[in-house]
Amino acid sequence: MPWPKSDDDMNNNNLYLIGFSGSGKSTVGREVAQALGWAFIDTDDEIVRRSGSTIDKIFADTGEEGFRDVEHEVLANIARRTHSVVSTGGGIVTEERNWQLMAESGVV
């Protein structure tokens, strides 16, 4: 989905922030969410919360493929929501299935 042409285009969508690790997605995302009156979600924080483990430990225990599967599951749950500003992990865009989820449920 391209950037919305009007405010109405964003009514039931999420806004996904993508970019390199450390580029400010979470900082900007919190500000944007507050300005819109929407929820803010950080996918990395959700992964840690849901798994009860750190991202480094998930990588060590399951490798990148295992981590990407967990990341995708978290994103799929987030994509069911509306009115959320989502700060994504830096590598989320390496998976085509994640692009599809984000494009179907919001603006990237």
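We're numbering straight along the sequence, starting at 1.
A donor-acceptor pair under 3.5 Å is formed between the side chain of T94 and the backbone N or O of G91.
Atoms CD1 and CZ, on I41 and R49 in that order, are 9.5 Å from each other to the nearest 0.5 Å. Put simply, CZ on F40 and CD on E31 are 10.5 Å apart, with the number rounded to the nearest 0.5 Å. Put simply, CG on N98 and CG on L75 are 5.0 Å apart, with the number rounded to the nearest 0.5 Å.
The nearest pair of heavy atoms linking V93 to W99 is O-NE1, 2.9 Å. Here the closest heavy-atom approach between residue I47 and residue V74 is recorded as CG1-CG2, 3.8 Å. Across every non-hydrogen atom of V85 and W38, the tightest pair is CG2-CE3, 4.0 Å. Shortest non-hydrogen contact noted between A33 and A39 is CB-O, 3.8 Å. What you find for N14 and S84 is that their closest heavy atoms are OD1-N, 3.1 Å. Contact record, I78 with T43: CD1-CG2, 3.8 Å, taken as the closest heavy-atom pair.
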Report the C-alpha separation of Y16 and S87 in whole Å, then their side-chain angles, then the decisive distance to 0.1 Å, and conclude whether the side chain to side chain donor-acceptor pair (under 3.5 Å) test is met. CA-CA 6 Å; Y16 295 96; S87 172; over 6 Å; no
For the pair I55 and V48, evaluate side chain to side chain contact (heavy atoms under 4.5 Å, CB included) and give the outcome as yes or no after the intermediate values. CA-CA 7 Å; I55 290 174; V48 170; 4.0 Å; yes
Apply side chain to side chain contact (heavy atoms under 4.5 Å, CB included) to N77 and R50, showing your working. CA-CA 11 Å; N77 285 321; R50 290 179 187 203; 2.5 Å; yes
Carefully, step by step, assess I58 and S51 under the rule side chain to side chain contact (heavy atoms under 4.5 Å, CB included). CA-CA 9 Å; I58 297 169; S51 70; 3.5 Å; yes
Assess whether side chain to side chain contact (heavy atoms under 4.5 Å, CB included) is satisfied between T88 and L17, documenting all intermediate values. CA-CA 6 Å; T88 62; L17 304 177; 5.8 Å; no
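In this structure, H72 and I92 have side chains that are not in contact, with every pair of non-hydrogen atoms separated by 4.5 Å or more. When side chains are defined from C-beta on, V107 does not count as touching M102, because their heavy atoms never get closer than 4.5 Å. A heavy-atom distance below 4.5 Å is not found between the side chains of D42 and K25.
Under the 4.0 Å criterion applied to side-chain N and carboxylate O atoms, R97 and D69 are assigned as salt-bridge partners. Salt-bridge formation is detected for the pair E71/R68: a Lys NZ or Arg NE/NH1/NH2 atom is positioned less than 4.0 Å from an Asp or Glu carboxylate oxygen.
Using modelled atom types, one finds no donor on one side chain facing an acceptor on the other under 3.5 Å when comparing Q100 with E96.
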